[in-house]
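Worksheet for the structure shown next.
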Amino acid sequence: MPEPHSNGLTRRQVLGIGGAFGLLTTTGLATAATLARRPATTGGQLRSTAQLPPPYQVPLPLPAVLKPVSTDGAADRYEIVQRETTAEILPGLRTPLWTYGGSFPGPTIEARRGRPVTVTHHNELPVPTAVHLHGGRTPAESDGYPTDLVLPAGWPQAPHTMPGMAGTDGHGGGMGAMTDPRAVTTRLKRDYTFPNDQRPTLLWYHDHRMDFTAPAIWRGLAGLYIVRDDAEDALGLPAGPREIPLMIADRAFTADGALTYPSLDPTLRERPGVTEPYVAGVLGDVILVNGAPWPVHETDAARHRLRLLNASNARHYELEARTEDGRRLDLVQIGADQGLLAAPVTHQSLPMAPAERHDLVVDFASAPVGSLVRIVNRLGSGRTRDVMAFRIARPATDDSRIPPALTTDLPDWHREDAVRTRDFAFRAGRMNGGHGWLIGGRPFDPARPDVTVPLGDTEIWRLIADVHHPVHLHLVGFRILTRGGKPPLPHDAGLKDTVSLRPGESAEIITRFDGYRGRYLFHCHNAEHEDMGMMANLEVV
Ligand SMILES: [Cu+2]
């Protein structure tokens, strides 16, 4: 890939990077001064040189639902080939992609609660891969641990060594191969089994390869996975064409349509990491929804269920729905990362960190036929303020509803249930002689036990951040007890698997580690941070 533009950073981008390392030397991490100059986002923004389309011209694609290759009564089986292809993302240009099944986003998998799904992934890409189902309650052997790689044809068989996590000091990659004796690699293909023994919600599957997750997702390795059950189906929420999954992700493009990404090693074979201006996170200047730039969707003047995923590597959003006459439509949140809330929560705007999902109902009935309802990002500037639009094409009858009580099955863990409390600081630091991102002062090492917890124990984790860090736990959902020492925010309701820590902010979460024993992870879901050390082992025993 061509070199990205590394000049022309705005003040905000400089803050995003300078803030990351500047805060290291600041002792008063959570001081009022730090909070007052909290930047809107963390990362550096690439600049596209491609001709970009005006907003709201390209139709919103809806990812195809994958058909099972067999349904034997007890389980559904699927096949996905991971392969290179090109697609027309910007009008008139072809963009080379790495895909699940030839499309970006990959095909959507529709699952039923309690009915297992097995997906056979075939790796026809030039590099190893690992598939993780984000938010899945998944046995460890199918959780896509970063060293449990599927090796492509011709890849040297060296399962227990990896390039080693590099910094960005210009001599990374040679820091001594890291070893992981527990890695279970396969060649060419691997079966991933998902029991779907969990609350219905929108999950997503994406690449989780050691050191190279961020560029692999950027190139297209992400898809949706929806778990449903009868109780949710019976609620009367907007459904069919009025239930719309929206995968939001930013990217940048060269003049010939290729994706720009500031990899130190554009082959993604040897040397991990990104060039200096982007170590705090890679932001694009083009907002894609379901793989289309600033798309438009024609629809009815009726309630819609919008199932949002922020699949961006580092970009945060604060979303609003705005009518042409300047009104903000209510965003009625009915679900969080891990499924339905107890009761709807109405927002005027809604923040969204990388990997978070929001399940929303928005009523377009008050928008005039022919008008646009724009979804905008209050944290963006210039063209990154626009996300997508709905064109209200026709009046419609609407028998959908939003029940005042959505579910009663939310776990209700209390502080006194916790058998221990742990503290984790998510901060910038030095790693292998370069910049890194550390949890508790240490970069990820697959061979080092970090957290070991007996199956069934309930714990409180206290998390603190220097810059934005969306913290994600594999295997379990959690509840947010406090944020910044205060009660949680309205969008912290429900069951979460990713908590967005803002610069200088702390949060307490509580969860019960149930499901399966085995080796899992917790990590920052800023994908660049994740690749540069900000992961740790979570072993359930
Ligand atoms: Cu982070």
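Start at 1 and go down the list; that is how both ligands and their atoms are numbered.
The number of protein N, O or S atoms lying under 2.8 Å from the Cu ion (ligand 1) is 3.
Partners of H491 according to the side-chain hydrogen bond (donor to acceptor under 3.5 Å, both in side chains) rule, which considers only residues two or more places apart in sequence or in another chain, do not exist here. In terms of the side chain to side chain contact (heavy atoms under 4.5 Å, CB included) criterion, residue partners of V184 (sequence neighbours excluded) are, by chain and number, D148, R190.
The CZ atom of R519 lies 4.5 Å from the OG1 atom of T147; values are rounded to the nearest 0.5 Å.
Sorted by first and then second residue, the pairs that involve residues 492-514 and meet ring pair (Phe, Tyr, Trp, His ring centres under 6.0 Å), not counting sequence neighbours, are W461-F513.
Side chain of S48 to main chain of F253: a donor-acceptor pair is present (N/O by atom type, distance under 3.5 Å, no hydrogens or angles).
Test H132, H134, H472 against W204 for ring-ring contact (aromatic ring centres under 6.0 Å, His included) and you get one pass: H134.
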